Amino acid sequence: MSASALRIETYLWLAQRVSALILVICITVHIATMIIAVQGGLSSEEIIARIGGSKIWLSFYLVFVSSVAVHAPIGLKSIMREMSQIPTNRIDLLSILFSLIIGVLGIRAAFGLYGLGGA
Amino acid sequence: MSNDLINVSIWRGGEDGEYQTYQVPRLESQTVLDVVTYIQRELDPSLSYRFACRVGVCGSCAMTVNGKARWTCRTHVSKVAEGGQLTLDPLNSMPRVKDLVVDMETFFNKWADAKGSFKGDKTRDDALAYISPDDPKRKISSAGIECIGCGACYATCDVIKWNPDYLGPAALNRAWTLVNDERDVTGLERLAAVAGDNGCLGCHSQQGCVERCPKSLNPTGAIAGLKRETIKAVLKGKLS
């Protein structure tokens, strides 16, 4: 295997671990907030009231969805490589596509909620 | 079934084949290898299996015993034959040759691929290297050096079943002992050989190899060490 391919595999492996570390924090905050907020019944108004217009929550969810967009496709790539007969170059393409889709959808959702709230 | 007999089902044939059943007298301190040897000598001389030392040194006699890879010479029947039943298969993840014999060529080729042989730069005229047994790197190396190459870890590893190009726990464990051998000069060439998804990064850390190693070695720990060293080398731009 070429040195550049080895480097890419190593960086992807590292990126998945680092994004996992970030996700542990993000998921904990996300779930904890939900559990605290759901006490009076979780409604869309409540969510928008909390997140909408808040730059802190926007930043938080942008980090969250970016980490998901890095973490999940690398894992999916490994799963497809080990469990399917799909050729490697197609697996890489599918993983990049998956990353773009969840990245764009996630960032769109985070900005969408931000735009719904505030003054 | 009588308590004095063990019911033994053995895979007969190569990739295609079927189980054949034998009744073997139960003896005290009997090993699984004793059982197989009894069948070949007393019941069916056409049975093929592999062994050499019979005392847990050579690593030849590993088989799948009731679903788990084991060294059969040191496996007592009393500890594994639940309900007096033994089912013996050849090792997983290696091509079946005949009965309990597998082709271990790929398994050992992967040791070579992982640069598993020692390469020094001293001649017979040089002084011997002095390495203290308390040296931290020597301790790491010594922890993995007793591998007997039986293939039990390799046959247990799920990653090899999914990715046949994966080097496997035995070859990577061997590489790790040499990475920590100060006399060895292969260095970055070995790290490049064990890097990437077909090397140490492919390990899922499920530790089946640790569970099944008859020598109680820790190949998963060795692979974790290789991960650290290869990543450091990549980040420092040394693997190019």
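Every chain is numbered from 1, with letters handed out A, B, ... down the list of sequences. Source: prediction; values computed, not measured.
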### Message
For a quick check under 3.5 Å, do B:K98 and B:S48 share a side-chain donor-acceptor pair by atom type?
### Response
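Yes - a donor-acceptor pair under 3.5 Å links their side chains.
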### Task
Give a yes or no on this: more than 12 heavy atoms of other residues, nucleotides or ligands lie within 6.0 Å of atom CD of B:E15.
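Enclosed: over 12 neighbouring heavy atoms sit under 6.0 Å from CD of B:E15.
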### Task
Side chain from CB out, backbone as N, CA, C, O: work out which of these in B:K227 comes under 4.5 Å of a heavy atom of chain A, or both, or neither.
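When you check distances to chain A, only side chain atoms of B:K227 fall under 4.5 Å.
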### Task
Among the options B:N163, B:D197, B:D158, pick out the one with the most heavy-atom pairs lying under 4.5 Å from chain A.
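That would be B:D197.
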### Task
Mind ranking B:L235, B:T230, B:V159 by heavy-atom pairs under 4.5 Å with chain A and telling me who comes out on top?
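Counting heavy-atom pairs under 4.5 Å, the top option is B:L235.
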#### Entry: Parallel, tilted or perpendicular: rings of B:W111 and B:F107 (30°, 60°)
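Aromatic pair B:F107/B:W111 classed perpendicular.
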### Task
Examine A:H30 together with A:F60 and report whether their ring centres are nearer than 6.0 Å.
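Centroid separation for A:H30 and A:F60: 6.0 Å or greater.
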